[in-house]
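The structure appears below as structure tokens.
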Amino acid sequence: MPEVLEAPLVVEFPFTRSLGPVQSAFLTGLRERVVLGVRTGDGRVLVPPVEYDPVTAEEIRDLVEIAPTGTVTTWAWNHAPRRGQPLSTPFAWVLVRLDGADTALLHALDAPGPDAMHTGMRVRVRWAGERSGAITDIACFEPYDGGEPYDGEAQHDGEAQHDGVQQPEPAAHTGEFADPVTGIVAPARLDYTYSPGRAQSAYIHALGDRRMVAERCPSCRKVYVPPRGACPTCGVATSEQVEVGPRGTVTTFCIVNIKAKNLDIEVPYVYAHIALDGADLALHGRIGGIPYDQVRMGMRVEAVWTEGSRYPDHYRPADEPDAAYDTYKELL
């Protein structure tokens, strides 16, 4: 039996979004070492701020300045930090209720070990050396020995208490800053190890020998490529191997006009669904060896392997007449 394969894979893309007035003020404030919250109609202070009350759905714009000190409400120790996390050494993920706030902010806490952690511990913001208007402008939190608000300002009447610590009344803030942050680009990334399983591992091994192997359903007798180990129609396990292709028919296609990052293919080019001979499911492949505007439905194509390639690099026109529509209409 062929070896079952596995490989590390990464899915990564930049996520770009614009900011409304509340989020703009919050992130611009972080750049200026100011933490802003928002006050709801019933007096609650939310940090991080939101534009609509999560209880009443009313629009809220009453910004207030919050102290950069707070109390840990819950925590979890991260013994093995991963790429892109706030700290490269072990740290705690914490929910911190900042002084003057009624909700907690999720961030990292730099502590010497889990034994140093406890719910109710006092912490303060450690600001990043270079700030750009992002949540990472808070480098992390750090333990703070002072029980009173940061910088020891005198407390006054009307202050609330959280866990026995008096809370300063948040001061109103206009949210106005020079050069406000109006948008952010957040990288989204997923690192994982993928195993294609028995059926697709056999398919990949066969490609190394420039063969295309499918599997036939024992119930409906349809042939699927790439094989999945089970019939997508009947749901029963498949094991009977069938060699298909390497020629096939273009069923549908699209013209790509945008150059992809790290893909050395000149635009425009064509990607198509190709029904390989002997298969009952079309697969995806690039069409080459022909101008993009000459690709058509029903065109007969064949797989092309480049030197040293384990997989077909593209499909090119085969020296055959186009297939009749009735021969592939069920595979559109």
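This is a predicted model, so every value here is computed, not measured.
With hydrogens and angles ignored, the 3.5 Å screen pairs no side-chain donor or acceptor of Asp313 with any backbone N or O of Trp305. The main-chain N or O of Cys217 is never found under 3.5 Å from a side-chain atom of Thr238 such that the two would form a donor-acceptor pair. For the pair Arg296 (side chain) and Gln294 (backbone), a donor-acceptor distance under 3.5 Å is present. Side-chain atoms of Asp280 do not come within 3.5 Å of backbone N or O of Lys222 as any donor-acceptor pair.
Side-chain contact between Thr252 and His273 is present, with heavy atoms from C-beta onward closer than 4.5 Å. Inter-residue side-chain proximity for Pro246 and Glu302 is flagged as unmet; no heavy-atom pair is nearer than 4.5 Å. Put simply, the side chain of Trp127 reaches to within 4.5 Å of the side chain of Ile138, judged on heavy atoms. By the 4.5 Å heavy-atom criterion applied to side chains, Val250 and Ile287 are counted as neighbours. Between Ile204 and Pro196 the shortest side-chain heavy-atom distance falls below 4.5 Å. Residues Ile255 and Tyr269 have side chains not in contact (no heavy-atom distance under 4.5 Å, counting atoms from C-beta outward). In this structure, Gln85 and Asn78 have side chains that are in contact, with non-hydrogen atoms separated by less than 4.5 Å. For the pair Arg124/Asp99, no side-chain contact is recorded, criterion being any heavy-atom separation below 4.5 Å from C-beta on.
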| message | Please evaluate residues Arg221 and Glu240 with respect to the criterion salt bridge (Lys or Arg N to Asp or Glu O under 4.0 Å), reporting the C-alpha separation (whole Å), side-chain torsions for both, the decisive distance (0.1 Å), and the verdict. | response | CA-CA 10 Å; Arg221 306 303 293 168; Glu240 180 188 351; 3.6 Å; yes

| request: Could you go through the salt bridge (Lys or Arg N to Asp or Glu O under 4.0 Å) check for Asp53 and Arg44 one step at a time? | output: CA-CA 10 Å; Asp53 190 317; Arg44 290 171 295 121; 3.1 Å; yes

| request: Evaluate the criterion side chain to side chain contact (heavy atoms under 4.5 Å, CB included) for residue pair Leu19 and Arg17; output intermediate values, then yes/no. | output: CA-CA 7 Å; Leu19 301 173; Arg17 60 160 292 185; 3.9 Å; yes

| task | List the steps and the verdict of side chain to side chain contact (heavy atoms under 4.5 Å, CB included) for Leu190 and Val10. | result | CA-CA 6 Å; Leu190 174 65; Val10 175; over 6 Å; no

| field | Pair Val256-Val270, side chain to side chain contact (heavy atoms under 4.5 Å, CB included): steps then yes or no | value | CA-CA 6 Å; Val256 181; Val270 173; over 6 Å; no

| query | Phe15 and Val185: side chain to side chain contact (heavy atoms under 4.5 Å, CB included), yes or no, with the steps? | reply | CA-CA 6 Å; Phe15 178 73; Val185 178; over 6 Å; no

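Separation of atoms CD (Gln241) and CD (Glu215) is listed at 6.0 Å; rounding is to 0.5 Å. Atom CD in Gln23 sits 10.5 Å away from atom OG1 in Thr28 (nearest 0.5 Å). We find the CG-CZ distance between Asp277 and Arg247 to be 8.5 Å, quoted to the nearest 0.5 Å. Here the CG atom belonging to Leu332 is positioned 5.0 Å from the CE atom belonging to Met297, to the nearest 0.5 angstrom. Rounded to the nearest 0.5 angstrom, Ile66 CD1 and Leu36 CG are separated by 8.0 Å. Considering CD of Glu243 and CG of Leu276, their distance stands at 11.0 Å, rounded to 0.5 Å.
The minimum heavy-atom distance linking Glu3 with Ser201 is given by the pair O-CB, 3.6 Å. When all heavy atoms of Pro86 and Trp93 are compared, the closest pair comes out as CD-CH2, 3.6 Å. Counting all heavy atoms, side chain and backbone alike, Val94 lies closest to Met117 at CG1-CE, 3.8 Å. In plain terms, the two heavy atoms of Phe177 and Ala25 that are nearest each other are CE1-O, 3.8 Å. The shortest non-hydrogen separation linking Ala275 to Thr251 is CB-CG2, 3.9 Å. Nearest heavy-atom pair across Val225 and Ala279 is CG1-CB, 3.6 Å.
Under a cut-off of 6.0 angstrom, the local environment of CD in Glu51 is crowded, with over 12 non-hydrogen atoms contributed by other residues, nucleotides or ligands. Counting heavy atoms of neighbouring residues, nucleotides and ligands inside a 6.0 Å radius, atom CD of Glu12 exceeds 12 of them.
Side-chain atoms of Glu6 and Ser195 form no donor-acceptor pair, as typed in the model, at a separation below 3.5 Å. Side-chain contact of Arg97 with Thr73: a donor-acceptor pair under 3.5 Å is absent, judged by distance alone. With hydrogens and angles left out, the side-chain atoms of Thr71 and Arg122 include a donor and acceptor closer than 3.5 Å.
Salt bridge present: Arg126 and Asp110 bring a charged side-chain N and a carboxylate O closer than 4.0 Å. One finds no salt bridge joining Arg131 and Asp137 here, because no Lys/Arg side-chain nitrogen approaches an Asp/Glu carboxylate oxygen to under 4.0 Å.
Proximity of the aromatic rings of Tyr271 and His284 is defined here by a centroid distance below 6.0 angstrom, and this criterion is met.
His107 and Phe141 have perpendicular rings, their planes meeting at more than 60° on a 0 to 90° scale where under 30° would count as parallel. Between Tyr194 and Tyr192, the ring-plane angle classifies as perpendicular under the 30° and 60° cut-offs.
Partner of Trp75 under the side-chain contact (heavy atoms from CB on, under 4.5 Å) criterion, chosen from Val96, Thr119, Val123: Thr119.
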